[in-house]
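Scroll down for the structure; my scribbles are underneath it.
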Amino acid sequence: MINILLVSSDPGRTQQITAIIAASGIGHQLRTLANGLQQVCTDKDALQVTDLLIFDGYHLTGDDISALEKLSGRRRELVCTLITPSPSHELLIQAMRAGVRNVALWPIERDSFVADLKRVAGRRAEADHRDGQVLSFVSCKGGSGTTFLAANLGYAIASLRDKRVLLVDLNQQFGGAAHLVCDKTPPATIADVCAQIDRLDASFFDACLTHAYPNFDVLAGAGDPVKAVDIKVPHLERIVALIRHQYDFVIFDVGQSVNPVSIFALDHSDVIFPVLHSSVPHIGAGQRLLQLFQSLGYPGERVRVLVNQHDKRGQIALKTMEDVIGAKISKVLPNDVRAVLDSVNQGVPVIKQHKNSPISKSLSELAESLAPAPRASGTTRLTKLFRSKARVQPSPA
Ligand SMILES: Nc1ncnc2c1ncn2[C@@H]1O[C@H](COP(=O)(O)OP(=O)(O)O)[C@@H](O)[C@H]1O
Ligand SMILES: [Mg+2]
């Protein structure tokens, strides 16, 4: 079932498009709007449920392009189809930049229009069955950089890989993960969600999130040990059941405490990242944590040790660390004081601010290992149209 919003000011074209969709055999819900795109821009709820926006751009204006850009920025999953009688080279470039993924020529060529609908329906069905990967970050010792890595990896996966990511801050004290990556005040915390668990549904949960960036949401931590006590396993169970199908990645910043709630998060994690430094106190703590994971029955391949703030000139060899903790080191992240300090002080993700810094490169590699870049896929109709237009462009004198 796909949710289609058709925006057209022409009753004749609305009727024809509606008839093609109705005869397509694809399960759908169709709403039509005659008042232009501005109305969609102001109706957040309508946009939230729309999978496919078909815009009749017979008389396309610059305002329409800006509105399309705004809409596709607000909802990354939205597929925009633009209907136009004569797509010029410039218009195709503008449309592509505004997030339009399909361009249909008017009068509509039925077969290719229906093929586009089927593609959207396929993506929708996939999203409905999406079972997000769950990652957990655990501090072997306070100050290892767990929160910094969890939050910045979340942003890296969301921005570099176009995946929907939710960061859940399970820290009992100082739950400040959201502030590391954005300057928005969280509307609610996980403790607030748990206190009203009977109200939990997709829209209540959405209202409690910090929407840090288009693909990246944060559920803020309790921030207060007294409130954190009221977060119980059945609460987290209900939250996980809801979010697993809505996000490609759910990242728990578990912090340092091992308690029933954090063990629930770890039990449900596909990958657990213990974070430590290459120093004697950290190695001792890491050894005990990994023993605990063993006794909890977590298989070695699920536990990937991260050595953070590593200094190559340090006294402890990585091989020695591995021997002591009894596990392989999965990744070493550099000590990058300048870039990290700048990022945390300004509350901006480090790869946004210092893209080429050593720590950003390591975070990008980690993101790549978890969400590999897709191989070049088949050409969309928009790119085909664009290419055919590009071929007939006169070459500059
Ligand atoms: N790779 C790094 N290079 C330099 N500083 C780092 C790095 N990772 C984290 N830090 C710094 O370490 C401090 C502690 O990080 P934090 O994420 O709060 O640790 P934890 O959550 O494990 O207690 C932060 O102030 C951050 O600036
Ligand atoms: Mg922390």
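Numbering of ligands and ligand atoms starts at 1, following listing order.
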Considering non-hydrogen atoms of the protein only, which is the closest contact for atom 2 (C) of ligand 1, and what is the distance?
Q309 CG, 3.2 Å

Are any of the N/O atoms in V337 less than 3.5 Å from those in ligand 1?
no

A student comparing T147, D342, L363 should find that the heavy atom closest to atom 21 (O) of ligand 1 comes from T147

When the ring centroid of Y213 is compared with that of Y155, is the distance short of 6.0 Å?
yes

Between D270 and R244 (salt bridge meaning N to carboxylate O under 4.0 Å), is one present in this structure?
yes

Taking every heavy atom of V134 against every heavy atom of H268, the minimum-distance pair comes out as CB-O, 3.3 Å

Hey, could you give me the NZ/OG1 distance between K184 and T210, rounded to the nearest 0.5 Å?
8.5 Å

With a cutoff of 4.0 Å, is A151 in contact with ligand 1, counting heavy atoms of the residue only?
no

Residues D323 and K319 bridged, charged N to O under 4.0 Å
yes

Nearest option to atom 1 (N) of ligand 1, as decided by whichever heavy atom of G145, A339, S357, P334 sits closest:
P334

Can you pull out the closest protein heavy atom to atom 17 (O) of ligand 1? Residue, atom name and distance to 0.1 Å, please.
F148 N, 2.8 Å

Looking only at protein heavy atoms, what sits closest to atom 23 (O) of ligand 1 is G143 N, 2.8 Å

Considering only the protein, which heavy-atom contact is closest to atom 3 (N) of ligand 1, and what is its distance?
D336 N, 2.9 Å

Using the side-chain hydrogen bond (donor to acceptor under 3.5 Å, both in side chains) rule, take S66 and E69 through it: C-alpha gap first, then chi angles, then the decisive distance, then the call.
CA-CA 5 Å; S66 315; E69 192 170 355; 5.8 Å; no

What atoms of ligand 1 come within less than 4.0 Å of a heavy atom belonging to S139?
20 (P), 22 (O)

Per-atom filter on ligand 1: closer than 4.0 angstrom to a heavy atom of S144 are 19 (O), 20 (P), 22 (O)

Can you find a non-hydrogen atom of N308 under 4.0 Å from ligand 1?
yes

Tell me the contacting part of I359 for ligand 1: side chain, backbone, both, or neither, using a 4.0 Å heavy-atom threshold, strictly below.
side chain

Counting backbone and side-chain atoms alike, does T147 have an N/O/S atom under 2.8 Å from the Mg ion (ligand 2)?
yes

Given the options R123, R101, R124, D51 meets salt bridge (Lys or Arg N to Asp or Glu O under 4.0 Å) only with R124

Going by atom types only, do N308 and H277 share a side-chain donor-acceptor pair under 3.5 Å?
no

At under 4.0 Å between heavy atoms, what of V340 touches ligand 1? The answer is side chain

Just by distance, with hydrogens left out, do R110 and S24 show a side-chain donor and acceptor under 3.5 Å apart?
no

Numbered atoms of ligand 1 (with element) below 4.0 Å of N335, judged on heavy atoms
3 (N), 4 (C)

OG on S257 to CG on N171, rounded to 0.5 Å
7.0 Å

Okay, side chain of T18, backbone of T14: is any donor-acceptor separation there less than 3.5 Å?
yes

Is the closest heavy atom of L341 to ligand 1 under 4.0 Å?
no

Closer than 4.0 Å: a protein non-hydrogen atom to atom 25 (O) of ligand 1
no

